[in-house]
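Please read the structure below before turning to the comments.
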Amino acid sequence: MLSGATTRSQKQVFSETKITGKSKSASTTLRQANKIPKEEKRVQSSPAESGTENKLSVQEILDRCRESDCGRVFEINLNGQALKQLPNLKEFPKLKILDLGCNKLKNVSPNDLEKNCELKELKLYANAITEISKGLQNVRKLKVLRLDNNHLSKIDYREIGCCSQLTVLDISCNDIQDISIQELDISRNRISNNLSGLKSLSNLTVLRAGNNDITSLNSLGKLRCLQELYLANNRISDIKSFPNQFSSLEILDLSNNMIENVDEMFVLSDISPLAELSVTGNPFHDKDEFSCHRQISQRLESLEFLDKVSLKRPSAGHSHAPPPMRPMSASQVVSKSVILNAFQVLRARQVEQQIRATLLEQESFEASITSRFSILRDLFESLPMELKTDPPDERPLSVLSRFDLESVSASRPSTAAEEDRPKSRCSSRSRIAEARAFAAEHFHSKQR
């Protein structure tokens, strides 16, 4: 009985253990089954582990953006995908924001962003980029560029000079030893007077800062290498510090600013290399364009161009030579046809300006002649219409004036012998005057 009970109890324990084992194995199987889709999802989100790195298709990018039309994709986030090269982004022409941070990119090829001309923000932080080269030449509307935490050793102005609308540039945490930025374009922004961030760009040769709200450049400091400064369409009214700040300046564009007096321009005579100056659109220029041009050209003897009009007249042997042209900067080098078109447009503008200056000179000369003739006419109108006949002057002949002698001889009646005498054809006024004086002296003496 005891053994039978024991046997039953053992069977019961064995059966419970068997059931428990089945339940554990079933739960383990369920957990493993539940883990499979999670692993599959994780593989899809990490292409580096699935062996599909650098092979993101257009459809996969669309799936990430939850869009079906490439034309409706404006932002792509590929952060942390272990990419070694950019995927095909040519199908996304309206892309404005691209995040490629935390990848393994070493460079950016010009073909990678060839069709993404509307790109505004490009984030390339935390990669292995060693140089930019020409990778940004097609994204000229770029405003934000992050290159921090890479392996850059230098920044060349030709690499980012094409991004004329760039407002944010982050190059922190790199291996940069030399910043050789020579040309910078910060035009068409809302910059007022804080330009202190450009003080460190000691090699800067070209600065384009037009179409802003700049009133003073004192915060910019001294840029001894600066050769071209474009400040059109700002609110600058004082340029007294320019000779001390920009001693190597060759081209200065101050058109459409707020300079009141032409005398303020004379301080630029201390900048000896200055060859081209634009001042059109300032208050002093609008008052009397011809006069201010004449004064500036006289005081600034080194000038060759004033408001795009050449001040150097060609010699007689080279009268048919084309007007001189300044060389274009490196950022403006384009195809040959575009250069020819630009040359023709510029030459037409120069001819137009020269014609305008000639017309102004002609109008000034005509006004001067008209004024002189008006004075002469008034003088003639003030003279009497008829000569008054006064009684004979009783003064001695010796004190009579020449005019009196002439008047007396003119009033004396002529004799018959004199009427028969042939008239003299002499046209000399001096001989006629001498004849009249002689006649007055001798005939008066006979009458007395």
Side-chain angles (χ1 to χ4, degrees), residues 210-211 228-240 242-243 249-326 328 340-383:
N211 295 277
E228 301 181 19
L229 180 57
Y230 300 91
L231 297 169
N233 299 293
N234 279 282
R235 296 187 298 166
I236 297 172
S237 59
D238 185 9
I239 59 172
K240 295 179 181 178
F242 280 25
L249 206 59
E250 297 180 5
I251 301 177
L252 177 59
D253 187 356
L254 289 171
S255 55
N256 298 308
N257 275 277
M258 302 179 66
I259 303 175
E260 296 287 344
N261 197 340
V262 67
D263 296 342
E264 299 180 16
M265 305 301 301
F266 299 160
V267 298
L268 299 177
S269 60
D270 296 333
I271 306 178
S272 56
L274 188 62
E276 184 172 340
L277 177 64
S278 297
V279 296
T280 180
N282 282 278
F284 76 85
H285 182 273
D286 297 337
K287 294 177 183 177
D288 190 352
E289 178 180 355
F290 177 74
S291 176
C292 77
H293 278 192
R294 179 174 55 81
Q295 296 181 55
I296 292 175
S297 60
Q298 289 177 353
R299 295 295 296 270
L300 279 64
E301 298 180 354
S302 63
L303 277 185
E304 298 178 7
F305 293 86
L306 179 57
D307 285 336
K308 299 181 180 179
V309 178
S310 175
L311 301 178
K312 303 294 183 181
R313 295 184 178 181
S315 59
H318 301 82
S319 58
H320 300 288
M325 300 285 294
R326 292 196 63 83
M328 301 177 67
L340 292 176
N341 292 335
F343 174 80
Q344 293 175 357
V345 172
L346 183 57
R347 185 173 181 180
R349 290 180 179 176
Q350 288 182 348
V351 172
E352 182 181 356
Q353 293 289 341
Q354 290 176 352
I355 293 175
R356 188 179 302 175
T358 304
L359 291 176
L360 288 174
E361 290 181 1
Q362 183 178 355
E363 291 176 1
S364 176
F365 178 76
E366 291 176 355
S368 176
I369 294 297
T370 303
S371 176
R372 294 180 182 180
F373 272 105
S374 177
I375 295 173
L376 188 60
R377 184 180 65 251
D378 294 339
L379 178 61
F380 275 107
E381 289 177 355
S382 65
L383 296 176

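For Pro283 against Glu260, the heavy-atom pair with the smallest separation is CB-OE1, 3.6 Å. When all heavy atoms are compared, the tightest approach of Asp270 to Pro243 is CB-CB, 3.9 Å. Pairing each heavy atom of His285 with each of Val279, the nearest pair is CB-O, 3.7 Å. Between Cys292 and Val262, the closest heavy-atom pair is CB-CG2, 3.9 Å. Between Val267 and Lys240, the shortest heavy-atom contact is CG2-CA, 4.4 Å. Here the closest heavy-atom approach between residue Arg349 and residue Lys308 is recorded as NH1-NZ, 4.2 Å.
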Quiz item: Stepwise, does the side chain to side chain contact (heavy atoms under 4.5 Å, CB included) test hold for Met265 with Leu277?
Solution: CA-CA 10 Å; Met265 305 301 301; Leu277 177 64; 4.0 Å; yes

Self-check item: side chain to side chain contact (heavy atoms under 4.5 Å, CB included) evaluation trace for Phe242 with Leu268
Solution: CA-CA 7 Å; Phe242 280 25; Leu268 299 177; 4.2 Å; yes

Exercise. Output, in order, the C-alpha distance, side-chain angles, deciding distance and verdict of side chain to side chain contact (heavy atoms under 4.5 Å, CB included) for Asp253 and Glu228.
Key: CA-CA 8 Å; Asp253 187 356; Glu228 301 181 19; over 6 Å; no

Quiz prompt | Chi angles and distances behind the side chain to side chain contact (heavy atoms under 4.5 Å, CB included) call for Phe284, Asp263 | solution = CA-CA 9 Å; Phe284 76 85; Asp263 296 342; over 6 Å; no

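Distance CG/Leu229 to CD1/Ile251: 10.5 Å, rounded to 0.5 Å. A distance of 10.5 Å separates OG in Ser368 from CZ in Phe373, rounded to the nearest 0.5 Å. Asp286 CG to Asn256 CG: the interatomic distance, rounded to the nearest 0.5 Å, is 8.5 Å. Expressed to the nearest 0.5 Å, how far OG of Ser255 lies from CG of Asn234 amounts to 9.5 Å. Here Ile355 contributes atom CD1 and Glu352 contributes atom CD; the two are 7.5 Å apart, rounded to the nearest 0.5 Å. Put simply, CG on Asn257 and CG on Asp238 are 12.0 Å apart, with the number rounded to the nearest 0.5 Å.
Side-chain atoms of Gln354 and Thr358 include no donor-acceptor pair closer than 3.5 Å.
Within the 3.5 Å criterion, the main-chain N or O of Thr370 finds no donor-acceptor partner in the side chain of Ser374.
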